[in-house]
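Worksheet: the structure to be examined is printed underneath.
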Amino acid sequence: MGYQDVYQSWKNDPEGFWMQAAQAIDWDKPPSKALFDKGGNLFEWFADARVNTCWNAVDRHVEAGRGEQTAIIYDSPITHTKREISFVELRNRVANLAGALRAKGVEKGDRVIIYMPMIPEALEAMLACARLGAIHSVVFGGFAANELAVRINDARPKAIIAASCGLEPGRVVHYKPLLDGAIDLADHKPDFTVIFQREQEVAKLIEGRDYNWHGFQYGVEPAECVPVEGNHPAYILYTSGTTGQPKGVIRHTAGQLVALNWTMKNIYNVDPGDVFWAASDVGWVVGHSYICYGPLIHGNTTIVFEGKPVGTPDAGTFWRVISEHNVKSFFTAPTAFRAVKREDPTGEYVGKYDLSCLKQVYLAGERADPDTIVWAQDQLKVPVVDHWWQTETGWAIAANPLGIEELPTKLGSPTVPMPGYEVTILDDAGHPVEPGTLGAIAVKLPLPPGTLPNLWNAEERFKKSYLNTFPGYYETGDAGMMDEDGYVYIMARTDDVINVAGHRLSTGAMEEVLASHPEVAECAVIGVTDQLKGQMPLGFLCLNAGVDRDHGDVVKEVVKLVREKIGPVAAFKLAVVVDRLPKTRSGKILRGTMVNIADCTPYKMPATIDDPAILDEIKEALQTIGYARD
Ligand code: COA
Ligand code: AMP
């Protein structure tokens, strides 16, 4: 069957399609049906089943005789370490860790925050939670204490599992002081923490609250897998929205198992036993779906890579890892390839490695610019697939499903909707538009298994953010179009989310931090185009009357403030002081127009602008920092 047949078979019988896919999962109690309509446009998949994620990702492969197969390859060019963990070792390690967590009182439904770098123990911590039916929430290491505190308050974890440190090139990230600071800041306090002591930095433990990862496992009974309901939350993953309060995306257990398992062959074209590598971080959705769960559920070997595309030690790192570990499918962000291309445009490093094992490459997380795709195709001589998805969906909305059929590539398009997604382009009034016409990208409800059923403790926000604008549809927050052949094109976000080096960030959250500076009266943050990172945040500051200090000092202070409050990952380094901000007559800041001015892209003078002269002032201010130079 080709793509059209598979898509049509889903459309003809969506529930039958997913029940069929569900047969690949080991159920404690199989679902009686696929879809559960909760009313009010809320849906759940396989809700009445009983199942355990860890069993499906680990134990069942051991039972099936694959225990000696490598489950995880850890490759860290930063620490010069390589290590392999087989499925049977992984089962034993995870059962012990789960046993130790249980002995300290962690049970099904309890939340556990995981704050760890790219080491196998991060996956083990996730799987140990899954084994117990505890709900994990992984927090990315590049976030600061304040962001961690916000997540602690919202998820109210019983325990936090962390490492003593993370390692960025040339810098040790001191996790433990960040963790201590976050717990101090948070209103909710966890009962205990578990600290994995890395040899690069041993953290000081607080007696009675902090336990050593190894020590606390001593003498405990290993835990068996606890079956949970199909609609039991497997995890909460916080992602940026319009405000500083991140959204807690929930993933249900059964839907995730069925959907991710389906994608491994149909989209990523790997068979059990093949090596699959997603060069991302467990703190992001890609890390959840395609470093941890997807490959392991499907019986693939996954790679935990602690390094960067360049500088660890050079622009050949990706190719070394692919060649050395026999990677068949490789997934990364376009920004990573842009970084490699910048250092090695002619592919000298590519030529140094035997890449015959590599059959396909996948890009996601941000727009894949045609230059980068063409460069990768020329260098690697395999299909390079741009695919589009979000933290909310957990897997691809649109892709080129190589395991079904390789469709022709159209540069600038992540190809076609996957089964489960009826992608529709809507105008402002919510009416479908003609092919080739720009609009809001929406997906007809219900969304498929594995996507978000709700937000943690925030059902109203869930409805407001995703369901209310276009009744009967999920609002993706992306704008774009579809062509006559059904190919999807993603053009821009319709909200305040920007994408910096493949990291999703909220300009609204940054504005909240800037506004907290005592001398800032008003501010705006926009995303300007950046050759390497796709976008970079840029702040405009209006200072209080009477502030006559050097403006450069205020800029330095707000840059420091964003790093302290949100974290280095915000990459907030650019800001200018202006007298006033351009607004509509009703007071809405014209951020889009400021982006056009900064990027030197044509724009129409907004009809509702209160004073057009402000745009010249904005342009002049931007020119002082190297932007808006046409
Ligand atoms: N822990 C602590 N700090 C982190 C971090 C982590 N896990 N990840 C990034 N940071 C820090 C970086 O050290 C950097 O700090 P600095 O301001 O002191 O230099 C800052 O956050 C910004 O990081 P980043 O935007 O990633 O830029 P970079 O210059 O370090 O690297 C790339 C640029 C392109 C090489 C890098 O962004 C990259 O590999 N991107 C791939 C993105 C990706 O995989 N996204 C996941 C979606 S698929
Ligand atoms: P995240 O939730 O971090 O995965 O970010 C999701 C957002 O990143 C999407 O809503 C898009 O705006 C953007 N994005 C992800 N993949 C693509 C892609 N292939 N092309 C264009 N934009 C993308």
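Just follow the structure's listing: the first ligand is 1, and inside any ligand the first atom is 1.
At least one N/O-N/O distance between K533 and ligand 1 falls below 3.5 Å. The shortest N or O to N or O distance between L363 and ligand 2 is not under 3.5 Å. Close N/O approach between H503 and ligand 1 is found [any backbone or side-chain N/O within under 3.5 Å]. At a 3.5 angstrom cut-off on N or O pairs, R504 counts as close to ligand 2. Backbone and side-chain nitrogen or oxygen atoms of E392 are examined, and none is located within less than 3.5 angstrom of a nitrogen or oxygen of ligand 2. Here's the thing with T332: none of its N/O atoms is less than 3.5 angstrom from an N/O atom of ligand 1. An N or O contact shorter than 3.5 Å links H387 to ligand 2 by distance.
The nearest heavy-atom contact from the protein to atom 10 (N) of ligand 1 is E168 OE1, 3.3 Å. Scanning the protein for heavy atoms near atom 20 (N) of ligand 2, the closest one is E366 O, 3.4 Å. For atom 42 (C) of ligand 1, the closest heavy atom belonging to the protein is A501 O, 3.1 Å. Shortest contact from atom 46 (C) of ligand 1 to any protein heavy atom: S280 OG, 3.2 Å. Closest to atom 16 (P) of ligand 1, if we only count protein heavy atoms, is R563 NH1, 3.7 Å. Nearest protein heavy-atom contact of atom 16 (N) of ligand 2 is G365 N, 3.1 Å. With hydrogens left out, the protein atom closest to atom 8 (N) of ligand 1 is F140 CZ, 3.4 Å, a heavy atom. The protein heavy-atom contact nearest to atom 48 (S) of ligand 1 is V286 CG2, 3.6 Å. In terms of protein heavy-atom proximity, atom 40 (N) of ligand 1 is closest to T335 CG2, 3.6 Å. In this structure, the protein non-hydrogen atom closest to atom 20 (C) of ligand 1 is P568 O, 3.2 Å.
With a 4.0 Å cut-off on non-hydrogen atoms, A279 touches ligand 1 through its backbone and not its side chain. Residue-level proximity to ligand 2 for D386 is carried by the side chain, the only part with a heavy atom below 4.0 angstrom. The side chain of R171, and not its backbone, has at least one atom closer than 4.0 Å to an atom of ligand 1 (non-hydrogen atoms only; side chain from C-beta on). Neither the backbone nor the side chain of R338 has a heavy atom within less than 4.0 Å of ligand 1. The proximity of W389 to ligand 2, defined as any non-hydrogen pair under 4.0 Å, is limited to the backbone. Contacts with ligand 1 closer than 4.0 Å are made by side-chain heavy atoms of K573 only, the backbone lying farther away. Of all the heavy atoms of H503, none lies under 4.0 Å from any atom of ligand 2, so neither backbone nor side chain is involved.
With respect to K463 and E459, a salt bridge is recorded, a charged nitrogen being found less than 4.0 Å from a carboxylate O. Taking 4.0 Å as the cut-off between side-chain N and carboxylate O, E306 and R83 do not count as a salt-bridged pair. Looking at R591 and D496, no side-chain N of the basic residue comes within less than 4.0 Å of a carboxylate O on the acidic one, giving no salt bridge. Note on R504 versus E392: salt bridge recorded, some NZ/NE/NH1/NH2 to OD/OE distance being below 4.0 Å.
Nearest residue to atom 10 (O) of ligand 2 from D478, V286, T415, T393 is D478 (criterion: closest heavy atom). Relative to atom 2 (C) of ligand 1, the option among P334, G311, G141 with the closest non-hydrogen atom is G141.
Every atom of ligand 1 with a heavy atom of V173 under 4.0 Å away is listed here by number and element: 2 (C). Close approach to G502 involves these atoms of ligand 1, each under 4.0 Å from a residue heavy atom: 45 (N), 47 (C). Within the listing of ligand 1, atoms 8 (N), 9 (C), 30 (O) sit less than 4.0 angstrom from a heavy atom of K308. Less than 4.0 angstrom separates some heavy atom of V569 from each of these atoms of ligand 1: 21 (O).
Ring pair F318/W277: centre-to-centre distance below 6.0 Å. Ring pair H503/F140: centre-to-centre distance below 6.0 Å. Ring-centre distance between W388 and Y421: not below the 6.0 Å cut-off. Here the two rings, on W395 and Y293, have centers that are 6.0 Å apart or farther.
The shortest heavy-atom distance from G142 to ligand 1 is under 4.0 Å. Contact between P309 and ligand 1 is present, with at least one heavy atom of the residue lying under 4.0 Å from the ligand. Residue G477 places no heavy atom under 4.0 Å from ligand 2.
Taking OG1 of T601 as the start and CG of N596 as the end, the distance is 3.5 Å to the nearest 0.5 Å. To the nearest 0.5 Å, atom CG of residue L123 and atom CE of residue M118 are 7.0 Å apart. Separating the CG atom in L445 from the OH atom in Y474 is a distance of 10.0 Å, to the nearest 0.5 Å. Here OG of S506 is found 10.0 Å from CZ of R493. Values are rounded to the nearest 0.5 Å. Atoms OH and OG1, from Y489 and T415 in turn, are 9.0 Å apart once rounded to the nearest 0.5 Å.
Cation-pi geometry between R151 and F143 is met: under 6.0 angstrom from the ring centre, within 45 degrees of the axis.
Side-chain contact between Y349 and T317: absent, with no pair of heavy atoms (C-beta onward) separated by less than 4.5 Å.
Side chain of E366 to backbone of T335: a donor-acceptor contact under 3.5 angstrom is found.
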Item to complete: Under the side chain to side chain contact (heavy atoms under 4.5 Å, CB included) rule, what do I425 and I441 come out as? Steps first, then yes or no, please.
Response: CA-CA 5 Å; I425 312 296; I441 313 183; 4.0 Å; yes
Discussion item. Y268 vs Y290, test: ring-ring contact (aromatic ring centres under 6.0 Å, His included). Steps then yes/no.
Written reply: CA-CA 10 Å; Y268 298 106; Y290 294 112; 4.7 Å; yes
Item to complete: In sequence, state the C-alpha distance, the side-chain angles, and the governing distance for Y362 and L402, and then conclude on side chain to side chain contact (heavy atoms under 4.5 Å, CB included).
Response: CA-CA 10 Å; Y362 296 82; L402 296 190; 3.5 Å; yes
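The side chain to side chain donor-acceptor pair (under 3.5 Å) test with Y235 is passed by exactly one of H252, R251, H288: R251.
Put simply, atom 36 (C) of ligand 1 has no protein non-hydrogen atoms near it, under 4.0 Å away. Distances from atom 31 (O) of ligand 1 to the protein include no heavy-atom value under 4.0 Å.
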